[in-house]
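Take a look at the structure below.
The structure displayed is predicted, hence computed values, not measured ones.
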4 protein chains.
Amino acid sequence: MAVVNAPTSSAREEETLASAEQTRPAGRGRPRDASRDAALRQAAMEVLSQVGYRALTMDAVAAHARAGKATIYRRWDSKLDLVIDTCTQLVQRNIPEPDRGSIEADLGDFLRSFASFLTGPVGKAAQALVGELPHEPELAAAFRESFLLPQRDVLRRLIERGVQRGEIRADAPVDTVVEITGACLIYRLMLTDEPLDTGFVDRLVNEALMPLLHG
Amino acid sequence: MAVVNAPTSSAREEETLASAEQTRPAGRGRPRDASRDAALRQAAMEVLSQVGYRALTMDAVAAHARAGKATIYRRWDSKLDLVIDTCTQLVQRNIPEPDRGSIEADLGDFLRSFASFLTGPVGKAAQALVGELPHEPELAAAFRESFLLPQRDVLRRLIERGVQRGEIRADAPVDTVVEITGACLIYRLMLTDEPLDTGFVDRLVNEALMPLLHG
Amino acid sequence: MAVVNAPTSSAREEETLASAEQTRPAGRGRPRDASRDAALRQAAMEVLSQVGYRALTMDAVAAHARAGKATIYRRWDSKLDLVIDTCTQLVQRNIPEPDRGSIEADLGDFLRSFASFLTGPVGKAAQALVGELPHEPELAAAFRESFLLPQRDVLRRLIERGVQRGEIRADAPVDTVVEITGACLIYRLMLTDEPLDTGFVDRLVNEALMPLLHG
Amino acid sequence: MAVVNAPTSSAREEETLASAEQTRPAGRGRPRDASRDAALRQAAMEVLSQVGYRALTMDAVAAHARAGKATIYRRWDSKLDLVIDTCTQLVQRNIPEPDRGSIEADLGDFLRSFASFLTGPVGKAAQALVGELPHEPELAAAFRESFLLPQRDVLRRLIERGVQRGEIRADAPVDTVVEITGACLIYRLMLTDEPLDTGFVDRLVNEALMPLLHG
DNA sequence: GATTAATCGAGACGGTACGTCAAGTCTTGAT
DNA sequence: ATCAAGACTTGACGTACCGTCTCGATTAATC
């Protein structure tokens, strides 16, 4: 998977996609125009959320960004690579971690903000990638690392703080609650035609998460 | 969306995809060979589960079924249409409804069998379609009707029988439990690299569903 | 090459296309509808003179004649076969042989009538076939036998009568004159945009044919 | 009709096909690879003379030239267009104009070389196009301009030199002789199974053309 | 009069070529 | 070495046609 500002040939697969931003060694010729990165990613995002992954064409992205296709392929190896990087780029540091002293308040805050984030263009883009996951291990890894894990980790920390505060019983099924939470958000986002809104989040917290945690 | 054995132009969109099998009004020419329907659907299923949706080509399906491409396009409007119909066709009547007199036993039975069904080729195919849902309203409707609703309905009936038997408190959050169940299955199937197996199902029932129902 | 009213499998290649009309042995089932022959030939002729050989489709011919394609293929082996037979059918007995006692009058009469015949639909059809001649030996043979030879023979007889009457010197280059005549008619018909009309025929006779014959 | 190195949309129909070679206005992208033009034309010529016009497929031409089909369609609008251009390209400057001081020698020289040219692949290709002439006015114009007119013009000049030298009577039917000559060559080339060889040319000159010119 | 078999229109069938379009690579001149 | 532009190969797309086959419905000759 190509990495922005790194020679395509360099293999640094072990790194996280998130830390992809990196500079070319030094170079003798004209330096890369960093503004093209942003323009291309934005173009990709626009096209992706408008027509979906399958109907996204590299020519369309190039045209949207008034760029040449080579300028894209100099940065990313493939259409898939471009889309992955574009999406993960946006997820980074978009996950706030509330700490208001109450597990119920923290849960609500976090889920509401995460839900509204998923409702945006990133959510649409993510959905477009789901179909590719089984046949693209790299994509699958990146997807989990960028979309699933961070949300999971924040959530787990929230709950653990609640445990330490004594709000939650010690033997609460944390893993299960975390999984349920992620699953329900994604489910509504991608499969159901029901809204992923505040009402839903509140109901989820009150009827499922809190009861399970309180035992 | 084209319907087998009905002229493509005929609009009977209101019907369920499941009941799609239908005969042309009268027709004086050579009738459609019903065995081609099956052969094509099977070929589509094979190719789909082998290489995924994006890499599935109509030529490959045609070759697999020893059919001409026109024979495919006579029945379905597009690659997407073929795949949708092929999948929904398979989901029908694959959902058993256990009734062993105990909500816990019924839940376990049902989830185990549904999970193993999802793990099969149909699940793989379904995943390939998720990315298209936002841009294909018809597909979305068919998907929900075939994949989501039947499972939901069976589950709800299971729970309601439990309520009637007095196993479950009357004010249990049935809708939420139903949604959680579906969401968790799909989540594991499509997004996580963790297995959708018996252990997972049992844990889900014991740690989440039963507690929520018992209150 | 198939022959009307004869089983396709019967090989009677030695016969002239012209004598193609022939009856099936006896047969037990429903007899061929002779009126379909004519309808199909006429339909073929119409389509051929309208859109040319390449753009002629069997479906179009069938539709024009309100016939099924099988009804065509029962009579002719292929598109080419149909067209050949249709054309040669029309050439037969369309070549009058004038005998007014003067070579000049006979020549003029004959060429005028032949020219007007060529100007009709048969000429258009014939032109459509020229491109196939090099790759279809059977067609080439039929074409020569039906289009070229009869005209040549009549012409040669006309000239020989002139020789016998003493109008023409005995050592006139008859073969060459005959060839020139045919060549010039075809040339104007197929390649030139100049008309194949009475004026042209008269000029040909006066400026070329008669001088050559008189020496 | 498309023109090499000119955008297909540009309408410069008034120009001769022969002068078709032309450069795009300025163009900032990668310029057309001129070597592909030649490779494609040669491939077309090879396929054409091997299998004929009808059996010529664009895929075959592309494969022969190791080119993509898009590369063909970027230059020519259709199979017919490709073939026309390929042929007319070859005719240009293939017509020598002998001047040995004697009409008889000049005629013989010219006809022999033209006949041997026609006997080659270009002649075969030309034949394949005759059937399309009535339905393709552009083709017809190009065909006449490339195949018919140049030969006619050279011939007429030959004869006129003979007139000026006093070899030929002033009132010789030049037009008719010219037309006869072209007609007889084409006739043998395309319709007859008799050879278009030296013997035929000599006979034509001796028995028809010279007598008509000498009166 | 019932049977039989070949015909009829209609149109589905396998196959092949069509002309279009997208992915990813390469080549211009210019910066 | 980069940029925009766009030509390049490859390969799938969905359409159209050929020649074959299959359906129900005629239509004679045979039984």
Checklist entry - If you check the C:Arg74 side chain, which of F:dC13, F:dC21, E:dT7 turns out closest? => result E:dT7
Next on the checklist: Whole angstroms only, please: what is the CD1-P distance between A:Ile72 and F:dT2?
Outcome noted: 15 Å
Checklist entry - What's the CZ-C1' distance between B:Arg30 and F:dT22, to the nearest Å? => result 5 Å
Item to check | Nearest-nucleotide pick for A:Arg36, side chain only, options being F:dC8, F:dA5, F:dC3 | outcome: F:dC3
Checklist entry - Between atom CG in B:Leu56 and atom P in F:dA12, what is the gap in whole Å? => result 11 Å
Checklist entry - If you pin A:Ala70 and C:Ala70 to their nearest nucleotides in DNA chain F, which one's is more 5'? => result A:Ala70
Next on the checklist: Tell me the interatomic distance from B:Arg54, atom CZ, to E:dG24, atom P, rounded to whole angstroms.
Outcome noted: 8 Å
Item to check | Donor on one side chain, acceptor on other, C:Glu46 and C:Gln42, under 3.5 Å | outcome: yes
Item to check | N-O pairing of C:Asp85 and C:Arg41 below 4.0 Å | outcome: yes
Item to check | Shortest side-chain distance from B:Met58, nucleotide among F:dC13, F:dT22, F:dA4 | outcome: F:dC13
Checklist entry - Hey, are the side chains of A:Ile72 and A:Leu82 touching, using non-hydrogen atoms and a 4.5 Å cut-off? => result yes
Item to check | side-chain contact (heavy atoms from CB on, under 4.5 Å) evaluation trace for B:Tyr53 with B:Gln127 | outcome: CA-CA 9 Å; B:Tyr53 176 77; B:Gln127 178 156 14; over 6 Å; no
Checklist entry - Out of E:dT20, F:dC18, E:dA10, which has the shortest distance to the side chain of C:Asp59? => result F:dC18
Checklist outcome for this item: Heavy-atom nearest nucleotide on DNA chain E taken for D:Ala60 and for B:Ala65; more 5' hit belongs to B:Ala65
Item to check | Whole-Å distance separating the NZ atom of A:Lys69 from the P atom of E:dT27 | outcome: 15 Å
Item to check | Stepwise side-chain contact (heavy atoms from CB on, under 4.5 Å) test for D:Arg32 and D:Arg36 | outcome: CA-CA 8 Å; D:Arg32 294 261 174 91; D:Arg36 308 319 288 139; over 6 Å; no
Item to check | Whole-Å distance separating the CG atom of A:Leu80 from the P atom of E:dG24 | outcome: 9 Å
Item to check | Nearest-nucleotide 5' precedence on DNA chain E, D:Thr57 against B:Arg66 | outcome: B:Arg66
Checklist entry - Expressed in angstrom and rounded to an integer, what is the separation of C:Arg75 atom CZ from F:dG19 atom C1'? => result 17 Å
Checklist entry - For C:Ser78 and D:Gly68, take the nucleotide of DNA chain F holding the closest heavy atom to each; which residue's nucleotide lies nearer the 5' end? => result D:Gly68
Next on the checklist: Please tell me if D:Thr71 has a side-chain N or O lying less than 4.0 Å from either OP1 or OP2 of F:dA7.
Outcome noted: no
Checklist outcome for this item: From CG of C:Leu40 across to P of E:dG9 the rounded distance in Å is 7 Å
Next on the checklist: Among E:dT28, F:dC18, E:dG24, which nucleotide has an atom closest to any side-chain atom of C:Tyr73?
Outcome noted: F:dC18
